[in-house]
Amino acid sequence: MSEKRIAYNSQRRLAIIDQYISEGNYPTASFLAKKLECSVRTVQRDINEMILFYHAPIEARQGNGGYYYSDPTYFLKSVMLSEGELFSIALFDQLLKQYENTPLEENLRRTFEKITAGLPNSITVDSSFLKSNITFIPDLLPEINTKVFETIFSALQNHKTLSFDYRPLQKNSFMERKLDPYHAVCQKGNWYILGFCHDKNEVRVFNMSRIKNAEETNDRFKIPDNFKPEDYFDKELGIWLSAKQNYKVELLIDKEIGTFALERKLHSDQKITENPDGSVLVQFETTQLPEIKRWVLGQGKTVKVLNPPELVQDILSEIESVKDLYK
């Protein structure tokens with residue numbers, strides 16, 4: 001039997017012993033040995049380990065010698081982890097870089113510390129060994145003010161109207177807004193709040209990183225029964241604007257990146273057709289044409305939009321604008 005197997009069985013035995021003692025039925029060493037299919041001596045050694053390394057307040061009952069916890073609130077902080085699970089925990093510290101500049105980073109780090117605090121004392125999680133042979137390239141995310149983030153989610157939970165200053169993408173100044181927050185969306189680390197805008201008298205999307213001076217008012221609201229978050233964004237492509245019209249998108253991808261097109265999933269409902277010349281036709285439906293435009297332009301000459309006509313025209317207009325920029 002390998003050392004790894006022995007270590008796993010030891011952790012398993014401790015967990016089962018803890019379970020029987022916690023139930024308050026005063027299990028004896030012989031009872032536990034029978035349940036664990038091991039010797040009484042092994043059980044006694046496990047009990048001593050629990051007392052010594054896990055500070056378990058184990059006492060033996062007079063008479064039959066059954067075990068019990070003198071502190072009934074005690075429980076064994078023991079987590080059985082495979083090598084792969086330990087590796088994933090070690091990665092967690094590095095993965096937090098995906099949430100830099102957002103209030104979630106601190107909250108997730110505290111959660112991570114609580115998880116590692118519950119591991120047995122014999123296990124140490126150290127992510128430093130990963131830094132030499134694994135590189136993480138996180139998206140560069142805009143910073144979200146912690147107070148703004150917390151205020152938005154408080155209003156979202158309490159169904160209270162928000163007031164804040166907002167800077168739209170096309171503007172260089174902030175504007176006062178009032179919003180009934182209906183739904184929060186996280187797209188690739190970027191946070192948005194979707195709700196009824198009092199100024200525009202319609203449901204709008206606001207980027208949380210462009211909000212400042214957020215305050216939760218005393219005005220309560222009720223989310224309309226017919227409101228559906230998915231009507232305002234595409235879960236596959238994200239959220240760019242509050243668009244409800246659905247378009248059938250057809251993209252012809254050049255054979256130069258045909259393999260990339262076959263392995264990449266642009267949309268869960270997409271239909272992919274590989275042509276004899278190696279090019280690939282991708283078809284799907286979405287409301288988010290701006291997201292498609294951004295992606296297509298990023299692929300240069302290797303992707304051609306076939307449909308819808310609105311997207312084709314938008315691409316042509318963008319290309320002309322770029323040409324003018326470099327004249």
Side-chain angles (χ1 to χ4, degrees), residues 98-99 101-105 107-108 111 139 141-170 175-212 214-249 265-271 282-295 308 310-311 314:
Q98 291 281 354
Y99 298 94
N101 298 327
T102 72
L104 285 180
E105 180 186 11
N107 293 337
L108 288 172
T111 302
D139 293 332
L141 302 175
E143 185 173 356
I144 301 175
N145 180 275
T146 300
K147 185 176 183 301
V148 167
F149 192 84
E150 293 174 349
T151 301
I152 290 174
F153 275 89
S154 176
L156 180 67
Q157 182 178 13
N158 298 326
H159 289 193
K160 294 286 190 69
T161 298
L162 277 169
S163 68
F164 53 84
D165 296 326
Y166 188 73
R167 180 173 177 172
L169 187 62
Q170 303 84 359
M175 303 177 177
E176 293 183 6
R177 289 287 182 265
K178 278 194 173 183
L179 180 78
D180 296 342
Y182 290 171
H183 193 83
V185 181
C186 180
Q187 176 189 349
K188 300 175 183 177
N190 291 286
W191 284 91
Y192 302 84
I193 186 67
L194 177 66
F196 180 78
C197 177
H198 290 217
D199 300 270
K200 300 300 182 181
N201 199 36
E202 63 180 1
V203 174
R204 286 289 185 98
V205 176
F206 293 88
N207 189 321
M208 292 190 192
S209 65
R210 302 191 199 123
I211 293 176
K212 70 175 185 178
E215 293 185 4
E216 181 178 343
T217 72
N218 292 323
D219 300 330
R220 298 186 65 87
F221 66 87
K222 181 180 181 300
I223 299 178
D225 294 335
N226 61 351
F227 171 75
K228 296 180 181 179
E230 57 271 21
D231 287 343
Y232 296 90
F233 58 87
D234 190 324
K235 290 183 179 180
E236 310 293 336
L237 297 171
I239 184 167
W240 179 262
L241 48 75
S242 304
K244 297 189 70 172
Q245 183 175 348
N246 213 29
Y247 294 93
K248 183 177 181 180
V249 175
K265 200 164 190 176
L266 288 174
H267 204 281
S268 62
D269 296 328
Q270 70 184 20
K271 178 183 177 182
V282 180
Q283 300 169 299
F284 56 89
E285 293 187 3
T286 183
T287 61
Q288 300 297 312
L289 291 189
E291 278 292 297
I292 301 300
K293 183 183 80 170
R294 285 161 56 87
W295 185 83
E310 295 89 340
L311 182 56
D314 203 9

Q) Nearest 0.5 Å, what's the CZ-CZ distance between R210 and R167? A) 9.5 Å
Q: Return the set of residues passing side chain to side chain contact (heavy atoms under 4.5 Å, CB included) with N218 (not counting sequence neighbours), or none when no residue passes.
A: none
Q: Mind checking salt bridge (charged side-chain N to carboxylate O under 4.0 Å, His left out) for K248 and listing every partner two or more places apart, or none if nothing turns up?
A: none
**Q.** Residue pair F221, F196: steps toward the side chain to side chain contact (heavy atoms under 4.5 Å, CB included) verdict
**A.** CA-CA 10 Å; F221 66 87; F196 180 78; over 6 Å; no
Q) If you take all heavy atoms of N158 and E216, which pair is closest and at what distance? A) ND2-OE2, 3.2 Å
Q: Go through the steps for E150 and K147 under the test salt bridge (Lys or Arg N to Asp or Glu O under 4.0 Å), then give the verdict.
A: CA-CA 5 Å; E150 293 174 349; K147 185 176 183 301; over 6 Å; no
(Q) Taking side-chain hydrogen bond (donor to acceptor under 3.5 Å, both in side chains) as the definition, give me every residue that meets it alongside S209, ordered by chain and number, with sequence neighbours left out. (A) N207
**Q.** Side-chain heavy-atom pair L289, V249 within 4.5 angstrom cut-off
**A.** yes
**Q.** Residues forming a side-chain hydrogen bond (donor to acceptor under 3.5 Å, both in side chains) with D225, sequence neighbours excluded
**A.** K222
Q: To the nearest 0.5 Å, tell me how far K212 NZ sits from N145 CG.
A: 11.0 Å
Result block: side-chain N/O donor-acceptor pairs under 3.5 angstrom for residues 176-183, not counting sequence neighbours:
{"from": "D180", "atom 1": "OD1", "to": "T161", "atom 2": "OG1", "distance (Å)": "2.7"}
{"from": "D180", "atom 1": "OD1", "to": "H198", "atom 2": "NE2", "distance (Å)": "2.9"}
{"from": "D180", "atom 1": "OD2", "to": "H198", "atom 2": "NE2", "distance (Å)": "3.3"}

Q) What pairs with F206 under ring-ring contact (aromatic ring centres under 6.0 Å, His included), at least two apart in sequence or on another chain? A) F164, Y166
**Q.** Sequence-distant partners of Q270, side chain to side chain contact (heavy atoms under 4.5 Å, CB included), two or more places apart
**A.** K265, L266, H267, I272, V282, F284
Q: Count the heavy atoms belonging to other residues, nucleotides or ligands that lie under 6.0 Å from CD of E310, then report whether that count exceeds 12.
A: yes
Q | Interatomic spacing from CD1 in I152 to CG in L162 - rounded to 0.5 Å | A | 6.0 Å
Q) Taking only residues two or more places apart in sequence or in another chain, which ones pass side-chain hydrogen bond (donor to acceptor under 3.5 Å, both in side chains) with D314? A) none
(Q) Give me the atom names and distance for the closest heavy-atom approach of I223 to H159. (A) CD1-NE2, 4.0 Å
Q) Measuring from M208:CE to I144:CD1, what's the distance to the nearest 0.5 Å? A) 6.5 Å
(Q) E202: which residues meet the side-chain hydrogen bond (donor to acceptor under 3.5 Å, both in side chains) condition with it, sequence neighbours left out? (A) R204
Q.
Before you tell me yes or no, could you show the steps for Y192 and N190 under side chain to side chain contact (heavy atoms under 4.5 Å, CB included), namely the whole-Å CA-CA distance, both residues' side-chain angles and the distance that decides it to 0.1 Å?
A. CA-CA 7 Å; Y192 302 84; N190 291 286; 3.8 Å; yes
Q) Which pair of heavy atoms, one from A184 and one from L156, lies closest together, and at what distance? A) CB-CD2, 4.0 Å
Q: Start with the C-alpha gap between Y247 and L311, add the side-chain angles, then the distance that decides, and say whether side chain to side chain contact (heavy atoms under 4.5 Å, CB included) holds.
A: CA-CA 9 Å; Y247 294 93; L311 182 56; over 6 Å; no
